[in-house]
2 protein chains.
Amino acid sequence: MATIYDVARHAGVSAATVSRVLNGHVKVDPALAERVTAAVAQLGYRRNAVARNLRTSQTSLWAVIVSDIENPFFTSMVRGIEDVASSAGFSVVLCNSDENPEKESNYIAAALTEQMAGVVISPSSNHVDDVNLLLESECPVVVIDRELQGVDADTVLVDNAHGADLATTHLIEQGNTRIACIAGPRWLSTATQRLDGYAHALTQAGLAVDDDLIRYADFRERGGYDAMSSLLDEGAAPQAVFAANNLMTIGAMECLVQRGLAVPSDVAIVGFDSIPWADLIRPTLTTVAQPTYEVGRRAAQLLARRSSTPDGPAERVVLPTSLQVRGSSTR
Amino acid sequence: MATIYDVARHAGVSAATVSRVLNGHVKVDPALAERVTAAVAQLGYRRNAVARNLRTSQTSLWAVIVSDIENPFFTSMVRGIEDVASSAGFSVVLCNSDENPEKESNYIAAALTEQMAGVVISPSSNHVDDVNLLLESECPVVVIDRELQGVDADTVLVDNAHGADLATTHLIEQGNTRIACIAGPRWLSTATQRLDGYAHALTQAGLAVDDDLIRYADFRERGGYDAMSSLLDEGAAPQAVFAANNLMTIGAMECLVQRGLAVPSDVAIVGFDSIPWADLIRPTLTTVAQPTYEVGRRAAQLLARRSSTPDGPAERVVLPTSLQVRGSSTR
DNA sequence: AGCGTGTGTGCAATCGATTTCTCATCAGGA
DNA sequence: TCCTGATGAGAAATCGATTGCACACACGCT
């Protein structure tokens with residue numbers, strides 16, 4: 001592998017000049033520049049980013065740490081980040097923490113030791129120490145999707161409570177009174193906010209919030225399935241279910257299908273997050289849609305701004321959610 | 001940010017000793033080691049990976065360059081890679097080339113300049129120059145899912161031709177004679193192999209391979225939709241369709257649904273690749289299943305081996321596919 | 001006592017780029 | 001002709017870690 005010195009020798013100039021030509025910040029005699037670019041082409045030289053990063057103490061990589069790579073919510077969001085990143089001159093690398101705090105911790109450590117230029121993270125726990133580590137080391141950070149108590153970082157969220165309220169109110173308007181909720185992990189802000197929205201809608205309609213109709217699961221398909229089973233087996237069966245994320249909605253549906261219960265006539269269902277190919281699922285699914293791509297885009301914009309102006313107050317962006325009524329909730 | 005020299009001063013030893021304690025390759029007086037670890041803890045020191053990478057000229061990052069992050073096939077594969085990577089002491093970063101050769105080229109360049117310890121790539125074109133660039137620079141590479149002509153690299157594939165043959169034969173056995181194929185891009189080995197399997201099955205059964213029944217699309221949902229439209233509008237409508245990947249299968253289904261055609265009674269359909277939540281789609285989809293997780297796992301194993309023993313002949317692993325018969329193909 | 005051996009530490013070179021500082025060169029004005 | 005200022009190129013320091021080499025010290029043997 002050729003180094004900058006090889007190029008310099010080949011072009012009959014100093015390494016400093018090669019560097020200047022490559023970076024283009026300073027003026028160089030066109031004749032020399034020409035010789036340098038020729039030498040670069042001839043030797044197939046590509047600059048060693050590691051050495052450059054060491055000297056300039058910065059990289060052009062953004063790390064995006066997501067909690068579940070298999071959840072379409074995140075993949076769509078990543079597209080939003082990528083589009084902004086590439087136009088800002090950054091490359092995006094994705095890390096999958098798999099809802100596992102230990103893996104998350106490792107990836108944060110890696111982002112720090114690898115001197116990443118920025119980090120977008122959807123925390124898989126409310127364990128704030130790791131994220132604060134990033135903040136302390138002046139690494140630009142944007143927290144996404146999930147709110148962290150006690151962390152003063154730029155954040156992009158969606159209006160979870162409102163979305164859940166819309167979903168629940170819709171189910172009430174359809175004439176349901178026994179409405180269950182399959183909630184997410186208690187320690188995730190998205191989960192608690194959605195649960196709050198559900199409870200708020202019930203209260204608003206003069207209905208009681210019944211703990212027997214609430215199940216806490218893990219935002220995974222399996223968890224949704226088990227929660228639905230539990231709802232059907234224990235206590236009076238609900239007329240309708242609000243599931244607090246996409247994968248759990250799928251799990252709940254699978255449970256209902258497997259038991260031969262008809263949706264929505266036996267049990268109506270509304271999910272949170274959109275689901276790819278929702279049109280092909282029968283019945284089609286009523287869901288609370290989030291602007292996932294936009295979430296990513298805004299997060300990336302915040303990160304880019306934070307990179308150029310590290311100081312300044314943390315911003316908190318909340319994007320709207322909306323109810324997409326389809327077949328699974330209308331009788 | 002504390003450096004190794006800060007730690008050394010704090011512990012009253014030389015930087016060399018700190019390094020030796022941190023890496024643990026060489027023996028150090030336990031008393032000194034104790035002082036060093038104490039100093040590390042006290043200063044919150046974390047070693048600068050960039051400097052280390054420069055000196056040792058290697059990193060502990062594997063880049064996985066996939067052609068479509070939104071395709072569940074790849075996300076499942078990534079899990080397989082991650083599991084092996086973490087037990088081999090590597091971290092995985094994901095790059096999304098988005099079926100775009102230019103982006104792919106950029107990510108390969110980034111992998112090279114960032115001195116990645118290894119690369120797993122599912123090429124989005126048959127433009128072999130970039131991949132050869134990796135090989136020449138002795139960066140361990142494993143090509144995955146798609147075969148590249150003229151590239152002598154470790155490769156993990158599935159038996160595409162056999163899978164397509166199974167799918168098509170199954171449709172023939174169900175009594176269909178006019179069987180269409182929605183094929184992928186001509187330049188991708190997966191696409192051509194699947195088309196070959198389709199043609200082979202037809203020939204074997206004494207049926208003609210009719211170009212009017214073949215459409216080339218782009219492995220995307222939209223492409224599948226358009227191809228299906230074209231098949232229905234031009235020429236005699238097919239009795240059955242074999243779609244060469246998961247997203248195009250979805251697109252084709254959506255087209256059929258939208259036109260009010262019943263599956264499988266009007267048109268039977270078999271897809272390639274599994275589809276998440278296939279159980280919830282009505283009718284349930286017959287597909288050719290691939291061992292996606294295993295593909296990732298094997299690729300990662302090859303990469304790990306190549307890292308430790310750079311020389312040696314390139315290996316080519318072909319994993320089996322199998323037909324999962326469900327509702328969309330059986331009358 | 002003297003020498004050889006082994007153990008462990010520190011010094012300093014090194015990885016490959018960037019960047020400050022210094023200096024040579026040249027143009028233009030007095 | 002000489003001086004000044006501008007311009008641009010090269011020499012060398014630097015980023016932070018690793019590691020070959022030399023050396024100091026302790027110990028054991030003759």
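Here is how names work: the chains are called A, B, and so on, in the same order as the sequence lines, proteins then strands, and each is numbered from 1. Here the structure is a predicted model, which is why all the values come from computation and not from measurement.
- V84(B) and Q301(B) make their closest contact through CG1-N, 4.0 Å (heavy atoms, listed as atom of the first residue, atom of the second, distance).
- With sequence neighbours excluded, the residues satisfying ring pair (Phe, Tyr, Trp, His ring centres under 6.0 Å) with F90(B) are W62(B).
- For R46(B) and dA17(D), the CZ to C1' distance is 16 Å, given to the nearest whole Å.
- Heavy-atom distances under 4.0 Å link DNA chain D to I4(B), Y5(B) of residues 4-12 of chain B, given in residue order.
- Contact check for V93(B) versus L61(A): no side-chain heavy atoms found under the 4.5 Å cut-off.
- Counting non-hydrogen atoms under 4.0 angstrom, S57(A) reaches nothing in the nucleic acid.
- When the P atom of dT18(D) is taken as reference, atom CZ of R52(B) falls 5 Å away, rounded to whole Å.
- Residue pairs satisfying the salt bridge (Lys or Arg N to Asp or Glu O under 4.0 Å) criterion with at least one member in residues 62-74 of chain A, sequence neighbours excluded, are listed as follows: E70(A)-R79(B).
- Across the protein-nucleic acid pair, L54(A) atom CG and dA17(D) atom C1' stand 8 Å apart, rounded to whole Å.
- Residues H25(B) and R55(A) both approach DNA chain D. Their nearest nucleotides, taken by heavy-atom distance, put R55(A) toward the 5′ side.
- In 5' to 3' order, the nucleotides of DNA chain C bounding all contacts with chain A (an atom under 4.0 Å from a heavy atom) are dG16(C) to dT20(C).
- Using a 3.5 Å distance cut-off with no hydrogens or angles, the side chains of S105(B) and D130(B) do pair a donor with an acceptor.
- As judged by a 4.0 angstrom heavy-atom cut-off over every strand, N53(B) is placed among residues making no nucleic acid contact.
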Return the polar atom pairs (N/O with N/O) between nucleotides 7-9 of chain D and the protein under 3.5 Å, or none.
residue, atom, partner, partner atom, Å
dA9(D), OP1, D29(A), N, 2.7

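- In terms of position along DNA chain C, the nucleotide closest to A51(A) lies nearer the 5' end than the nucleotide closest to the other residue of the pair A16(A) and A51(A).
- Here the side chains of P291(A) and R298(A) are not in contact, with every heavy-atom distance at 4.5 Å or above.
- Using modelled atom types, one finds no donor on one side chain facing an acceptor on the other under 3.5 Å when comparing T192(B) with S189(B).
- Bending across the helix from dA1(C)-dT30(D) to dA30(C)-dT1(D), expressed as the angle between its end axes from five pairs apiece, amounts to 60° (10° rounding).
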